[in-house]
Amino acid sequence: MKRPLSPQTALIHNDYQAPEGFGAFPVAVQRASTILFKNVAAMRSRHWLDKTAYTYGLHGTPTTFTLEARLAAIEGGTDCLLAPSGLAAIMLVNFAFLHSGDEVLIPDNAYSPNRDLGNWMADAYGITARYYDPLIGAGIAELIGPNTKLLWTEAPGSVSMEMPDIPAICQAAHDKGVLVALDNTWSAGIAFRAFDHGVDIVMHALTKYQSGGSDVLMGAVITREKNLSQKLSLTHMRLGLGVSADDTSLILRSLATLKLRFDTHDASARHIASWFKTRPEITKVLHPALPDCPGHETWKRDFTGAAGLFSVLFDARYTEEQTDRFVDNLQLFKIGFSWGGANSLCIPYRMQTMRANWTEQGQLVRFNIGLEDPVDLIADIEAALALL
Ligand SMILES: *Cc1c(COP(=O)(O)O)cnc(C)c1O
């Protein structure tokens, strides 16, 4: 006869096991720090790098492994690591492949915190960060030196929207043994086959389209070569990067509708961007699917779709005060950073402070087109333009 446990202990120890064979579409949310081993031999034989079993919550649970596997499959890669934000995913790549004395090349139009990270690594870790013209193409070969180890690309830059020639950049980098990482957030892995175009390391801010809910911060790094994924895994462990099962389950829930949402964002954004072309207040529409956008031909050649993010340049006769007022007067478009959710957003940028050689005249305003009816969004913009 088993001695009954006191209620205090029974709160914690309970032999009940739910019957096996439960089937449902959602991936279970497995929260865990401690992960249990059946016996000491199992504990001794398992290694955290081996993702066929579990060792510790930080190294993965069924929930996080499932999202990693799905993201790798979407991208056509073999390995994926999750990070607590898109920026943490960028940092993971930098720390995995850069050591003091190395050089990293970053496009001049890169996501600003990536630039800041380059400057910080230069100041604090003896790494050289150099910035290149995103439209440089094969000309990048001339910038690659003996210490260049990593080359970042972003397609397109998420404010000024220039679309780089990824295959030409990859070719030049690979000729000199340099790794190419792509911030593929804009295409969501849906509109651009990064590995097929030569990229070695694909990074995503899942915070954007994969989440789609404006409520989760997460990043991912995807590779398809074991020597790269091993270096990333070791760095991931040493930096102590982990994500919560709850956040992961939110992304898993959204993933099923990613393509539908992306296509709707794409169609609405192209519709509104084309409408902007008819407006006398606007001199250029920086949307990769429109000819005003530097790198438009490259987009046409390499991409199968476009995201809901684009920028416009106002005629130089409008002051910053006026275009700020335009943004303030929008009702459906809210003011806020990030993008990829159901809500439309609008942000003005001071390009002269972001780019050393920005020559465009006129104020730049960026739009994130959400899932609202584009007819309502255009009416909103039209009303705000009337108050310019
Ligand atoms: C948002 C964003 C990131 C960073 O993602 P967070 O999850 O916000 O850290 C990186 N790159 C691009 C292009 C982004 O838009």
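Counting starts at 1 for both ligands and their atoms, following the listed order. FYI, side chains are in, hydrogens and waters are out, and symmetry mates aren't considered; it's all heavy atoms of this structure. One-based numbering along the sequence shown.
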- Heavy-atom contacts with Glu154 under 4.0 Å: which atoms of ligand 1 show up? List them by number with element. 13 (C)
- Task: Please could you name the atoms of ligand 1 that Gly86 approaches to less than 4.0 Å, counting only its heavy atoms?
- Result: 4 (C), 5 (O), 6 (P), 7 (O), 9 (O)
- Message: Are any of the N/O atoms on Leu217, whether in the backbone or the side chain, positioned under 3.5 angstrom from an N/O atom of ligand 1?
- Response: no
- Message: With respect to Trp339, determine whether any N or O atom, backbone or side chain, lies less than 3.5 Å from an N or O atom of ligand 1.
- Response: yes
Parallel under 30°, tilted from 30 to 60°, perpendicular over 60°: which one fits the rings of [X] and [Y]?
{"X": "His265", "Y": "Tyr209", "value": "tilted"}
{"X": "Phe276", "Y": "Phe367", "value": "tilted"}
{"X": "Trp299", "Y": "Phe303", "value": "parallel"}

- Is Arg115 close enough and on-axis enough to Tyr131, meaning under 6.0 Å and within 45°, for cation-pi? yes
- Query: Which bit of Thr207 gets closer than 4.0 Å to ligand 1, counting heavy atoms only: side chain, backbone, both or neither?
  - Reply: side chain
- Looking at Glu360 and Lys284, what are the two nearest heavy atoms and their distance? OE2-NZ, 2.9 Å
- With respect to atom 14 (C) of ligand 1, which of Met203, Lys208, Met91 exhibits the smallest heavy-atom separation? Lys208
- Query: Which one of Asp183, Asn368, Leu87 has a non-hydrogen atom at the shortest distance from atom 11 (N) of ligand 1?
  - Reply: Asp183
- Message: Taking the ring of Tyr125 and the ring of Phe95, is the distance between their centroids below 6.0 Å?
- Response: yes
